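Only one structure is covered here, and it is reproduced in the block below.
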Protein chains: 2
Amino acid sequence: MTDTTPLDPRQLTAYLALKDVAALLEHAVEQQLKEDGGLTTPQFQILATLADAPDGRRRMTDLADGLVYSRSGLTYQAAQLEKAKLVTRASAEDDERSVIVTLTDAGRAVLFKVMPGHIEVVRRLFLTPLGDADIAAITDILGRVRAQMRSAPPRSAKPRRTTGSPPQRGERNNGR
Amino acid sequence: MTDTTPLDPRQLTAYLALKDVAALLEHAVEQQLKEDGGLTTPQFQILATLADAPDGRRRMTDLADGLVYSRSGLTYQAAQLEKAKLVTRASAEDDERSVIVTLTDAGRAVLFKVMPGHIEVVRRLFLTPLGDADIAAITDILGRVRAQMRSAPPRSAKPRRTTGSPPQRGERNNGR
DNA sequence: CCTACTTGCTTCGAGTTCGAAGCATGCTAC
DNA sequence: GTAGCATGCTTCGAACTCGAAGCAAGTAGG
């Protein structure tokens, strides 16, 4: 039986601080992206991921692996980006099922237009009060947490409802 | 990342680690709340905020101040919660405009049902790999960041829109 | 008490999200 | 080969989100 006694106040405080900072930062970034480039956060993430790739191209699946989002959401946003000419979609030659998304020049341009503001926000809100030691500490600690999350079992089999046992999907996502 | 302007790699890494951890944690919590109590994150936040209040009652406005959400979203979720009998709504006696939301016994029960799992998730994913010193470091560092965010100017004067200048709302806060 | 403004909440429409179901294509083993 | 399963993406419906507009109830000033 896992421990379910209440969290001690210090742990709780740390947890709340994390949530708080993440929420505020996310909100600010979202705002900035919309103002500077008419992008939503997911769209920005897609474009940025593409820009990282060798030729600005990636399969939908590979894109999905780097994002924290549902598959269908990705399809939707890819369609939006295509409509806006920031991206093209074409099926792969070696595998008809795969769709290759490619960053267009316009897409790259939007990204360039948006990046400075993005960096400015991150710096202003997040980095300003931090020294090198803080940065190192954050990276170390959160790095460990991240590793933990990726390895932790997905909150195990629930006895609960469903009569038969549906094959339990893998519980998804994320990588990066 | 295709950076056009710097953010040295270490800073970037720290930033990405934060986003990553926050996203993964949020996702896991969301999952847990749904499984254990059929709640969404916003609903849980509302119930938890109410549970904190003296008599389990709060005005809509006061609730809103503690959450990171739009006003209309709050109305929507309050309606959902009322439909599920976890909460009641009634207009205040002293001010007909105000709506007082009150936690019902059923609401409190759901909250109790859900809390252990919530705590278990936070502990398993977030706290496990952290020692006291780490907790203290996180709290200190993120606390400073949070203070910075709350004091930083809201990304400058985005000059006018149409007529008059809309008086800049307070910009988030959050609390609990 | 009228007019005009403010405050508190809800309604509305548009856009976005998710998970389940659908549909091809590709693969493997008999 | 070819049946049966796996893989990759899209479509679908329902739910949730936001900001703008709407509507009462309260507050001032004359």
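All of these numbers come straight from a predicted model, not from anything done at the bench. Naming: A, B, ... by sequence-line order, numbering from 1 per chain.
Here the CG-CZ distance, from B/L127 to A/R10, works out to 12.5 Å after rounding to the nearest 0.5 Å.
In this structure, the CD atom of A/E26 is 11 Å from the P atom of D/dC18, given to the nearest Å. In this structure, A/R58 atom CZ and D/dG8 atom P are separated by 15 Å, rounded to whole Å. The NZ-C1' distance, from A/K34 to C/dA14, rounds to 12 Å in whole Å.
Salt-bridge check for A/R59 with A/D95: failed, with every basic side-chain N at 4.0 Å or more from each acidic carboxylate O.
B/I46 and A/L16 end up in the same hydrophobic cluster when Ile, Leu, Val, Met, Phe, Trp and Tyr side chains are linked at under 4.5 Å.
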Identify all pairs in which a protein N or O lies below 3.5 Å from an N or O of nucleotides 21-26 of chain D, and state each distance.
| unit_1 | atom_1 | unit_2 | atom_2 | d |
| --- | --- | --- | --- | --- |
| D/dG26 | OP1 | B/E96 | N | 3.0 |

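Evaluation of the side chain to side chain contact (heavy atoms under 4.5 Å, CB included) rule for A/T104 yields A/T88, A/A106 as partners, not counting sequence neighbours.
Put simply, the side chain of A/Q32 gets close to the backbone of A/V114: a donor and an acceptor are under 3.5 Å apart. Not one N or O on the side chain of A/D55 forms a donor-acceptor pair closer than 3.5 Å with the backbone of A/R57.
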- Message: I need a per-nucleotide contact map over nucleotides 10-17 of chain D, read 5' to 3'. Cutoff is protein heavy atoms under 4.0 Å; write B for the base, S for backbone only, - otherwise.
- Response: BB---SSB
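In summary, of the residues considered (A/D52, A/L81, A/L50), a side chain to side chain contact (heavy atoms under 4.5 Å, CB included) with A/L103 occurs for A/L50 alone. With A/V101 as reference, A/M60 is the one residue of A/E82, A/R58, A/M60 to meet the side chain to side chain contact (heavy atoms under 4.5 Å, CB included) rule.
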